[in-house]
Amino acid sequence: MNLEGKSREDSLELIASEVRKCTKCPLSATRTNAVPGEGNPSAQIMFIGEGPGFNEDRQGRPFVGAAGAFLNELLQSVGLRREDVFITNVVKCRPPGNRDPLPEEIQACSCYLDRQIELIKPAVIVTLGRYSMARYFPNERISRIHGQPRRIGDLTVVPLFHPAAALHQPALKETSISDFKKIPKIVEEALAARASKQGEDQDDHDNDNTESLEQLKLF
Ligand code: URA
Ligand code: SF4
C-alpha cells in the first residue's frame with residue numbers, strides 16, 4: 001500500500017474508533033457492538049446497506065448473517081471479493097428488533113458515512129435497499145430504478161434491492177443476480193469517465209497556467 005493508502009486506512013480507523021464509542025443517537029443504548037464498516041480503503045466500489053442486524057451487532061462487522069452470505073455470493077458471481085470493496089451501512093448501530101432506522105438516527109449517523117465516502121472516493125456507490133438509495137434519490141422507488149446507474153458529479157450510484165429482500169421474496173433473487181452482473185461494466189465506465197474528467201481538468205489547469213504566463217509577459 002502506498003503512503004496515501006496508509007493514511008487513508010489510518011483515517012478510516014479513526015472514524016471506526018469514534019463510531020465504536022458514539023452516543024449521538026439512542027441506538028447506542030441498545031447495541032452490543034457498533035458496526036463501522038470494513039474493506040479496502042482504496043476501493044473503487046462501496047456498498048451501503050441499511051443497518052446492522054443481530055449477527056452484525058454481535059460481531060461488530062457488516063453483512064455477516066444470511067443477507068451477508070447472499071451478498072458474498074453476488075460479489076463472487078462477478079469475480080469480486082469482500083476485500084476488494086468497502087461495505088458499510090447508513091446507521092452503524094442495530095435498530096432494536098431489526099426495525100427500520102428512523103430519520104433522526106440516519107441523520108445523526110450520516111457524518112460518519114459522509115467522511116468514509118470522502119476518504120475512499122469510490123467511483124461507484126452501490127446502495128442496498130431503500131434507506132441508502134434515499135440518500136441519493138429521496139423521491140424514487142427502488143422497484144423503478146434498481147440496477148440503473150446514475151451519475152452524480154464524478155460519482156456513479158447504482159441502486160440495488162437489499163439482499164435480505166431478495167432472500168424473503170424469491171422473485172427478487174433473479175433480479176438481484178442480473179442487476180449485480182451489470183456492476184463490472186458500470187465500474188469500468190465510471191473509471192473511464194473519471195479519468196477523462198481528470199484529463200480535462202488537467203487541460204484547464206494547463207490553460208490557466210499558459211494564461212497566467214501570458215499575463216506575466218505583459219508586465
Ligand atoms: N443488513 C444490512 O443492511 N446491513 C448489514 O450489515 C446486515 C444486514
Ligand atoms: Fe452514533 Fe450512528 Fe450508532 Fe447512532 S447509529 S449511536 S449516530 S454510530
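Just follow the structure's listing: the first ligand is 1, and inside any ligand the first atom is 1.
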* Structure fact -> Among non-hydrogen protein atoms, atom 4 (N) of ligand 1 lies closest to Asn89 OD1, 2.8 Å
Atom pairs and distances, donor-acceptor, side-chain atoms in residues 32-40, under 3.5 Å, two or more places apart:
from: Thr32; atom 1: OG1; to: Asp57; atom 2: OD2; distance (Å): 2.5
from: Asn33; atom 1: ND2; to: Asp57; atom 2: O; distance (Å): 3.1
from: Asn33; atom 1: ND2; to: Arg58; atom 2: O; distance (Å): 2.9
from: Glu38; atom 1: OE1; to: Arg61; atom 2: NE; distance (Å): 3.0
from: Glu38; atom 1: OE2; to: Arg61; atom 2: NE; distance (Å): 3.3
from: Glu38; atom 1: OE2; to: Arg61; atom 2: NH2; distance (Å): 2.8
from: Glu38; atom 1: OE2; to: Arg82; atom 2: NH2; distance (Å): 3.2
from: Asn40; atom 1: OD1; to: Ser42; atom 2: N; distance (Å): 2.8

* Asked: Is Lys173 positioned over the aromatic face of Phe161, cation under 6.0 angstrom from the ring centre and no more than 45 degrees off axis?
  -> no
* Structure fact -> Note: Glu50, heavy atoms under 4.0 Å from ligand 1, region reported as both
* Begin with the C-alpha distance, continue with both residues' side-chain angles, and end with the deciding distance and a verdict on salt bridge (charged side-chain N to carboxylate O under 4.0 Å, His left out) for Arg194 and Glu189. => CA-CA 8 Å; Arg194 197 171 257 195; Glu189 287 171 359; over 6 Å; no
* To do: Run the numbers for me: atoms of ligand 1, each under 4.0 Å from some heavy atom of Gly49, listed by number.
  => 3 (O)
* Structure fact -> Nearest non-hydrogen protein atom to atom 8 (C) of ligand 1, with distance, is Phe63 CE2, 3.8 Å
* To do: Check Pro122 against Ile117 and note the closest heavy-atom contact, atom names and distance.
  => CD-O, 3.7 Å
* Structure fact -> Among non-hydrogen protein atoms, atom 2 (C) of ligand 1 lies closest to Gly51 O, 3.1 Å
* Asked: Does His162 come within less than 4.0 Å of ligand 1, judged by its heavy atoms?
  -> yes
* To do: Answer yes or no for Arg94 and Phe54: cation-pi contact, defined as NZ/CZ to six-membered ring centre under 6.0 Å and angle to ring axis within 45°.
  => no
* Report yes or no: do Ile125 and Leu12 belong to one cluster of Ile/Leu/Val/Met/Phe/Trp/Tyr joined by side chain heavy-atom distances under 4.5 Å? => yes
* Any chance you could measure Asp114, atom CG, to Leu119, atom CG, to the nearest 0.5 Å? => 11.0 Å
* Asked: How long is the gap from OG on Ser143 to CZ on Arg130, to the nearest 0.5 Å?
  -> 10.5 Å
* Asked: Any chain of hydrophobic side-chain contacts (each under 4.5 Å) joining Val78 to Met46?
  -> no
* Asked: Which protein N, O or S atoms does atom 3 (Fe) of ligand 2 have within a distance shorter than 2.8 Å?
  -> Cys93 SG
